[in-house]
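Reading through the structure tokens given below for one structure.
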Protein chains: 2
Amino acid sequence: MKLLIVEDEKILCDSIVSYLKQENYTCDSANGYASALEKTEQYDYDCILLDINLQDGNGMNLLRELKSNNKTDGVLIISARNSLEDKVAGLQLGADDYLPKPFHLSELGARVSAIIRRRNSAGNNIIRLAELSIDTQARSVEVAGRLLELTRKEYQLLLYFAYNKGRVVSKNAIAEHLWGDEMGDAANYDFIYTHIKNLRRKLIEAGCGDTIQSVYGMGYKFSIS
Amino acid sequence: MKLLIVEDEKILCDSIVSYLKQENYTCDSANGYASALEKTEQYDYDCILLDINLQDGNGMNLLRELKSNNKTDGVLIISARNSLEDKVAGLQLGADDYLPKPFHLSELGARVSAIIRRRNSAGNNIIRLAELSIDTQARSVEVAGRLLELTRKEYQLLLYFAYNKGRVVSKNAIAEHLWGDEMGDAANYDFIYTHIKNLRRKLIEAGCGDTIQSVYGMGYKFSIS
DNA sequence: CTTCCACAATGAGAAGCTTCATTGATGTTG
DNA sequence: CAACATCAATGAAGCTTCTCATTGTGGAAG
């Protein structure tokens, strides 16, 4: 999942990017009209987070540009609470949602995932990766047609890896995704090592081979052929 | 937390109400302008869910009425995707958020709780109920100044009870709140009995007395003096 | 009042999750 | 290339959560 964050307040931009990276998205950022336009011409994004009140005043133009070019990217407008007209105009131009400042990062994440979900509502609930198939309705996993029994955490972990196939995910990203805010503040997620170990063992026993690679200092990468 | 659902499609209205009740809200519903107006004059709501496209065409009038009367209720507009103008006008009239149809009930729930959170952002994180006090930051619980050690599930359960003090909550509502969609579909939540038992024991040992009452066929009610 | 049934409570034990101490691996510094 | 620091893997142990079988309880029906 690839996102573009268009926001000229650098501090805010960085904190959004770092949060969304944790949440497993791939993020590009742009600090104004010109660089944003360039990015959108170069890549397709699953969702663009657009601060409508850019310094250069061109946030709205960017949105107009995007929509008139038949871009399929989703758009989430971020707007200061007092700029009602811009917000409204943005929706009329075809943005998918808006989020008033100030907001919690977790809320931002929820909106982004809602936009993406709504756009992919062709909703397939079986994920197939080579001989591995995950039925997200039945919460069951099969390897080459044979049922693989996983505990809840193992299942969640595998699902997260599946969504992020081929991408390196950090230990923290995994932890935030599997435990959310259930844990106290003493966030020591070393027990992930144990879950990784167990999942690896089961996958290897099932004949998947070495699918979870460690990336020293970075996290883990799941890949399967 | 008290909500008003204004929606004239009976089936949709019922499913929203039943979902939100599960989510621990107290819900009133109204199927048109007149009954909604009456309700809002009678009660204060934490959030009003308003379908702007009512049969009688008065959804917008209702919103205007509310806002001009200095009502402090939050408003979430529910609108069909194609009625852009109404949606936009609604926001201009001071609604807090909108949600396009069709939507997932879980998303509706998220928006409602976001509105309520934003409005209560005076955010107090210590809940005091008689000699019991719950620090939601530190995730710690004290009874008459003495620390009470609870496991994660016990803590979550107590917190849920605390939010719903004096109200009967069903076993299913508890389950949905503590486990969300983590569980498979085979939703047999009998193990809640065990958690109830353990929490009861700890509360009694700590000197809180008999705070969790069973309500036969309904669920449980938490009360503390 | 007795019988019956569904709901609730309980204890014991299994399964799962987290902690801990130890060992091993990887990259960095001098 | 040693020595070191950091990160990762592992097995075992302890705690938490869940399951299961059994018992108890409240309400409805006869």
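Naming convention: chains lettered A, B, ... in sequence-line order (proteins, then strands); numbering from 1 in each chain. Keep in mind the model is a prediction, meaning the values are calculated, not measured.
dG27(C) atom C1' lies 12 Å from atom CE of M218(A), rounded to whole Å. Rounded to whole Å, the distance from CG on D190(A) to C1' on dT18(C) is 10 Å. For the pair K153(A) NZ and dT17(D) P, the computed distance is 11 Å after rounding to whole Å. Counting to the nearest Å, the C1' atom of dG24(D) and the OH atom of Y193(B) are 13 Å from each other. Taking atom CD1 of residue I204(B) and atom P of nucleotide dA9(C), one finds them 12 Å apart after rounding to whole Å. Note: CG (L157(A)) to P (dG16(C)) measures 15 Å, nearest angstrom. We find that NE2 of H195(A) is positioned 16 Å from P of dA8(D), with the value rounded to whole Å. Computed from coordinates, the L178(B) CG to dT17(D) C1' distance equals 12 Å when rounded to whole Å.
Using a 4.0 Å cut-off between charged side-chain N and carboxylate O, D14(A) and K10(A) make a salt bridge. Classification of K2(B) and D44(B) as a salt-bridged pair fails, no side-chain N sitting under 4.0 Å from a carboxylate O.
A close approach under 4.0 Å does occur between a side-chain nitrogen or oxygen of W179(B) and OP1 or OP2 of dC18(D). Of the side-chain N and O atoms in S214(A), none sit less than 4.0 angstrom from OP1 or OP2 of dC7(D). For the OP1/OP2 pair of dC7(C) and a distance below 4.0 Å, the side-chain nitrogens and oxygens of Y189(B) include no atom meeting the criterion.
Closest to the T151(A) side chain, of the nucleotides dT16(D), dT18(C), dG16(C), is dG16(C). Counting only heavy atoms from C-beta on, R152(A) has its side chain closest to dT17(D) among dT18(C), dT17(D), dA9(C).
Counting distance only, with no hydrogens placed and no angle test, the side-chain atoms of Y216(A) and the base atoms of dA8(D) include no donor-acceptor pair under 3.5 Å.
Base engagement by K197(B) is indicated by at least one non-hydrogen atom pair under 4.0 Å involving a base atom. Residue T194(B) is classed as a base contact, given a heavy-atom separation below 4.0 Å to a base. Among the protein residues, R201(A) comes within range of no part of the nucleic acid, since none of its heavy atoms lies under 4.0 Å from any strand. No contact: Y155(B) has no heavy atom under 4.0 Å from any strand.
Between the side chains of E7(A) and S29(A), no donor-acceptor pair of N or O atoms lies under 3.5 Å. Side-chain polar atoms of S223(B) and R167(B) form no donor-acceptor pair below 3.5 angstrom.
A donor-acceptor contact shorter than 3.5 Å links the side chain of R111(A) to the backbone of Y98(A).
Mapping I192(B) and Y220(A) onto DNA chain D via the closest heavy atom, the residue that lands nearer the 5' end is Y220(A).
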